[in-house]
Amino acid sequence: MLIGAEIIKGALRLLALQPLKLHYFWGKCISWILRVPMRYRRDVVMVNLSRSFPEKKYKELAGIADGFYAHFGRILAETIWFAGSVKESRLSNSGICRIVNMDLLSAMYEESPGVMIMTSHLGNWEIIGGFMHYPAIGQKLPVPFGEKDITVVYKALNSPVWDKVMRENRCAPVKVDMDSCCVESRDIMRFVIDHRHEKRIYIFPTDQAPYKYASYHTVDNFMHQPTKTMTGGASLARKLKLSVCYMGMTERPEGGYDIRFEELCRDASQCSVEELMNGFYACLARDIEAQPWNYLWSHKRWKK
C-alpha cells in the first residue's frame, strides 16, 4: 500500500508543478471525456437535478448538467495543482480562493470556546487545506488563530492507497502535524476529547449521507426533498458550546472561488440539533439555487 501511494504521490507532484491555467486546460478535456464518451453517472446527475428543480424543463436541466461536468473537471484540475502548493505564496498569488468576511470568523473564534464551520460539497472542498493562505478581502487586523488551531474533518475513501494520497494532498501547504490538520470522521470524537482544553476551529462536511448506523436528522424540504443528514458536527458543537457558522464557496465568473461565512449561532448549546441543521441547509439551498452547477450532483445524496 505504501509503495503504491508513494508512486501516485510522486506522479501527482510532477503534474502539480504545471501552471494552474494548464491544469484548467486538462480539466476541460477531462470534463468532456466524463460528459460525452463516458457519460459518468449521467443518470444519477439527471435524477438529482430533476428532483431538485421540478419546475425546470429537460433542456434547462441538461444545461445545468453540462455546467456541472465542466465544474467537476475544474475540481479535478485544481486538486492536482493544489498538491504542489507547498509554498504559501503559490496559493495567495493564484487567486484560486479569497475569503470575503474573515472578520466574522475571527469574532466568533474570540467570543466562544471555538468554532464549528459546517460546510458542503459546494465549490471545491478538496482545497480547503489552503485556508490560512488565501487572501482575506478587507481584513485589517491579524486573525486570532493559525493553522495549528484548524482541523478539517473528512470521510475516508474506500481505497486505502487513494485515501492516503488524498489526505496528504489536502494538507499539502500545511506546516503543522497532519494528524491534527485532517481527521477522519470516525476518529473525530476521540480527537475532540484529547483536545478538549484547546480552542479550535473544526471544518465539518455536513451534507454527507449518514452512515448505516449513525444518528441522523431529516431535513423536511432540502431542494424539494426530505433529506437525511449526519448530525455529528452539530452534536459536537452543542456539547462544546461552540459558535457555529455556514461556509459557502461561490464560483467567480473569472475563475476561482469566494469563501463566505454566515453565522448560525454563537453558542450551540442554546440551539437544538434540528435548528442548526435546518439553518445550514437553508443556506446551502440558497447557494445551490444561485449557482446550480456548483455542487456535487454525481453522488447519491438522497438515499432511502
Sequence neighbours excluded, the answer for salt bridge (charged side-chain N to carboxylate O under 4.0 Å, His left out) partners of E126 is R170

Give a yes or no answer on whether the side chain of E88 reaches the backbone of H133 with a donor-acceptor pair at less than 3.5 Å.
-> no

Cluster check Y69, Y58: I/L/V/M/F/W/Y, side chain < 4.5 angstrom = yes

Atom pair CZ/CD of F53 and E60 - distance to nearest 0.5 Å = 10.5 Å

Taking every heavy atom of M108 against every heavy atom of C265, the minimum-distance pair comes out as CE-O, 3.7 Å

At their closest point, which heavy atom of G146 faces which heavy atom of I150, and how far apart are they?
-> O-CG1, 3.6 Å

List, by chain and then residue number, the residues other than F25 in its hydrophobic cluster (Ile/Leu/Val/Met/Phe/Trp/Tyr, side-chain heavy atoms under 4.5 Å); write none if there are no others.
-> L22, W26

How close do I127 and C97 get, heavy atom to heavy atom, and via which atoms?
-> CD1-SG, 3.7 Å

Under a 4.5 Å side-chain heavy-atom rule over Ile, Leu, Val, Met, Phe, Trp and Tyr, are V100 and L104 clustered together?
-> no

Would a 4.5 Å heavy-atom cut-off, applied to side chains only, mark M116 and L240 as touching?
-> no

Begin with the C-alpha distance, continue with both residues' side-chain angles, and end with the deciding distance and a verdict on side-chain contact (heavy atoms from CB on, under 4.5 Å) for C283 and L264.
-> CA-CA 10 Å; C283 294; L264 297 180; 4.3 Å; yes

Verdict with reasoning, T227 to Y281, per side chain to side chain donor-acceptor pair (under 3.5 Å) = CA-CA 10 Å; T227 303; Y281 274 100; over 6 Å; no

For A65 against V45, the heavy-atom pair lying closest together | CB-CG1, 4.0 Å

Atom pairs and distances, side-chain donor-acceptor, residues 76-87, under 3.5 Å, sequence neighbours left out:
| unit_1 | atom_1 | unit_2 | atom_2 | d |
| --- | --- | --- | --- | --- |
| E78 | OE1 | N124 | ND2 | 2.9 |
| E78 | OE1 | Y257 | OH | 2.9 |
| E78 | OE2 | Y24 | OH | 2.7 |
| E78 | OE2 | Y257 | OH | 3.4 |
| T79 | OG1 | I75 | O | 2.7 |
| S85 | OG | F82 | O | 3.4 |
| S85 | OG | R90 | NH1 | 3.4 |

When rounded to the nearest 0.5 Å, the distance separating CE of M247 from CE of M118 is 12.0 Å

Kindly determine whether M132 and V143 satisfy side-chain contact (heavy atoms from CB on, under 4.5 Å), including the steps that lead there.
-> CA-CA 10 Å; M132 289 302 299; V143 295; 3.8 Å; yes

Nearest 0.5 Å, what's the CG-CG distance between L122 and D207?
-> 8.5 Å

Non-neighbouring partners of H121 that pass ring pair (Phe, Tyr, Trp, His ring centres under 6.0 Å), sequence neighbours left out | W125, H299

Determine the interplanar angle of the W297 and Y295 rings, folded into 0 to 90°, and report it as parallel if under 30°, tilted if 30 to 60°, perpendicular if over 60°.
-> perpendicular

Could you tell me whether the side chain of K199 and the main chain of Y109 form a donor-acceptor pair under 3.5 Å?
-> yes

Taken in chain and number order and not counting sequence neighbours, the residues that satisfy salt bridge (charged side-chain N to carboxylate O under 4.0 Å, His left out) with R266 are E111, E263

Heavy-atom closest contact (S120 atom, F280 atom, distance) | CB-CZ, 4.0 Å

When rounded to the nearest 0.5 angstrom, what distance separates OG1 in T119 from CE in M249?
-> 7.5 Å

Is any side-chain heavy atom of M102 less than 4.5 Å from a side-chain heavy atom of L105?
-> yes

Are D149 and H195 close enough that some pair of their side-chain heavy atoms sits under 4.5 Å apart?
-> no

Enter the distance from I64:CD1 to M46:CE here, rounded to the nearest 0.5 Å.
-> 8.5 Å

Which pairs pass salt bridge (Lys or Arg N to Asp or Glu O under 4.0 Å) with one or both residues in residues 242-257, sequence neighbours excluded?
-> R74-E251, R252-E254, R252-D258

Run the numbers on F68 and L34 for side-chain contact (heavy atoms from CB on, under 4.5 Å), then give the verdict.
-> CA-CA 11 Å; F68 158 71; L34 294 174; over 6 Å; no

Side-chain touch K239/V192, heavy atoms, less than 4.5 angstrom = no

Give a yes or no on whether the backbone of F204 and the side-chain of T206 come within a donor-acceptor separation of less than 3.5 Å.
-> yes

With sequence neighbours excluded, tell me which residues meet side-chain contact (heavy atoms from CB on, under 4.5 Å) with D66.
-> R35, R42

So do the side chains of I117 and I203 get within less than 4.5 Å of each other, counting heavy atoms only?
-> yes

Out of curiosity, does V152 fall in the hydrophobic cluster containing M189 (side-chain heavy atoms, cut-off under 4.5 Å, transitive links)?
-> yes

Between the main-chain N or O of N48 and the side-chain N or O of R301, is there a donor-acceptor pair closer than 3.5 Å?
-> no

State yes or no: do I193 and Y202 share one hydrophobic cluster built from I, L, V, M, F, W and Y residues joined by side-chain heavy-atom distances below 4.5 Å, directly or via other members?
-> yes

Does Y40 use its side chain to pair, donor to acceptor, with the backbone of S31 at less than 3.5 Å?
-> no

For the atom pair OG (S272) and CG (N278), what is the distance rounded to the nearest 0.5 Å?
-> 7.5 Å

On a heavy-atom basis, the closest approach of A237 and V244 is CB-CG2, 3.6 Å

Write out all pairs satisfying salt bridge (Lys or Arg N to Asp or Glu O under 4.0 Å) with one or both partners inside residues 273-285, taking only residues at least two apart or from two chains.
-> none

Hey, are the side chains of V273 and S235 touching, using non-hydrogen atoms and a 4.5 Å cut-off?
-> yes

Contacts of type salt bridge (charged side-chain N to carboxylate O under 4.0 Å, His left out), residue R41, not counting sequence neighbours = none

Look only at the side chain of R200 and the backbone of K148, and say whether a donor-acceptor pair between them is shorter than 3.5 Å.
-> yes

With S50 via side-chain contact (heavy atoms from CB on, under 4.5 Å) - residues at least two apart = L61

hydrophobic_cluster_shared for W293 and V36, side chain cutoff 4.5 Å = no

Sub-3.5 Å donor-acceptor pair from the side chain of K164 to the main-chain atoms of S159, do we have one?
-> no

I would like to know whether R98 and Y134 meet side-chain contact (heavy atoms from CB on, under 4.5 Å); could you show each step before the answer?
-> CA-CA 5 Å; R98 61 188 186 190; Y134 297 137; 5.8 Å; no

Output side-chain donor-acceptor pairs under 3.5 Å for residues 218-225, partner residues at least two apart or in another chain, one line each.
| unit_1 | atom_1 | unit_2 | atom_2 | d |
| --- | --- | --- | --- | --- |
| N221 | OD1 | H224 | N | 3.3 |
| Q225 | NE2 | S52 | OG | 3.3 |
| Q225 | NE2 | M223 | O | 3.2 |

Apply salt bridge (charged side-chain N to carboxylate O under 4.0 Å, His left out) to D287 and list each qualifying residue two or more places apart in sequence or on a separate chain.
-> R260

How about D187 and R190: do any of their side-chain heavy atoms sit closer than 4.5 Å?
-> no

Short side-chain to backbone donor-acceptor contact, D267 and S269, under 3.5 Å | yes

Determine whether R286 and E262 make a side-chain contact, defined as any pair of heavy atoms from C-beta on separated by less than 4.5 Å.
-> yes

